[in-house]
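On a predicted model such as this, the values are computed, not experimentally measured, just so you know. All ligand and atom numbering here is 1-based and tracks the order in the structure.
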Amino acid sequence: MMQRRTLLKRLAGLLMGAMGAVLATPAVLYLLDPLRRLRGKQPGVPALPVARLDQLPDLDRGEAPLRQSVVARDVRDAWTRFPEVRQGSVWVYRRGDQVFCLSTVCPHAGCSVDYDEQQRRFVCPCHRSTFSLDGKRQDGPSPRDMDSLEVQVRQGQVFCRYQRFRLATASKEAI
Ligand code: FES
């Protein structure tokens, strides 16, 4: 009699465990699904639109560069979707046929580089590093040129691959 009761208890325990597992499985799969979808996807560095080609100032004609925010749209992590995420800002312009896209982040300590219209050069307000119209280092403590970003022009739209680089190093190292 005792053995039968023990057996029934064990069977009931097994049954409850099996039912719990059946009920929990969809919830666990639901929670893990975003991770499964992200697996193997490398985010990479997307080319983001910054301006229309016909908007670009031409520095060789005495115009001033355009400072533009770089915004990624429809960014998703495993569980959340963000309609817009600001990545940073860039100086974008042309010199004749050549299109330039320079990060506004100063390579010295990360301040935001301005454009000096009188001197026609880029100047960092923090420690007075100066850069030519092509972003080449002229004076000051910056250890390298302004960080140029890869540019693409497609169907009249200018795209930049916005990246951040290690500060205070002579070489340009993406982080
Ligand atoms: S942060 Fe630009 S010169 Fe120091």
Undergrad: Decide if atom CD of E117 counts as having more than 12 heavy atoms of other residues, nucleotides or ligands within a radius under 6.0 Å.
TA: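 At most 12 heavy atoms, drawn from other residues, nucleotides or ligands, come within 6.0 Å of this atom.
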Undergrad: Q152 side chain to C160 main-chain N or O, any donor-acceptor pair under 3.5 Å?
TA: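 Side chain of Q152 to backbone of C160, a donor-acceptor pair under 3.5 Å: no, none is there.
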Undergrad: With a cut-off of 4.0 Å, which atoms of ligand 1 are near a heavy atom of C111?
TA: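 Counting from 1, the qualifying ligand atoms are 1 (S).
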Undergrad: What N, O or S atom of H127 is found closest to atom 4 (Fe) of ligand 1?
TA: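 Among the N, O or S atoms of H127, the one closest to atom 4 (Fe) of ligand 1 is ND1.
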Undergrad: Under 2.8 Å from atom 2 (Fe) of ligand 1, is there any N, O or S atom belonging to C126?
TA: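 For C126, the answer is no, given that no N, O or S atom comes within less than 2.8 Å of atom 2 (Fe) of ligand 1.
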Undergrad: Below 4.0 Å, non-hydrogen atoms only: which portion of A109 touches ligand 1? Side chain, backbone, both or neither.
TA: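 Near ligand 1, A109 shows its backbone as well as its side chain.
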Undergrad: Taking 4.0 angstrom as the limit and counting only heavy atoms of C124, give me the atoms of ligand 1 inside it, by number and element.
TA: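 Per the distance check, 1 (S), 2 (Fe), 3 (S).
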Undergrad: Does the side chain to side chain donor-acceptor pair (under 3.5 Å) test come out yes or no for S89 and S69, once each step is laid out?
TA: CA-CA 4 Å; S89 57; S69 290; 5.8 Å; no
Undergrad: Considering only the protein, which heavy-atom contact is closest to atom 3 (S) of ligand 1, and what is its distance?
TA: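 Answer, as residue, atom name and distance: S129 OG, 3.2 Å.
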Undergrad: If the cut-off is 2.8 Å, does any N/O/S atom of H108 fall short of it from atom 4 (Fe) of ligand 1?
TA: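 A backbone or side-chain N, O or S atom of H108 is under 2.8 Å from atom 4 (Fe) of ligand 1.
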Undergrad: Scan K136, Q138, M146 and name whichever one has a side chain to side chain contact (heavy atoms under 4.5 Å, CB included) with F122.
TA: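 Considering K136, Q138, M146, a side chain to side chain contact (heavy atoms under 4.5 Å, CB included) with F122 is found only for M146.
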Undergrad: For S142, is there any backbone N or O sitting under 3.5 Å from a side-chain donor or acceptor partner on R137?
TA: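 At least one qualifying donor-acceptor pair exists.
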Undergrad: Using only the SG atoms, decide whether C111 and C126 are less than 2.5 Å apart.
TA: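 Cysteines C111 and C126 qualify as a disulfide pair, their SG atoms being under 2.5 Å apart.
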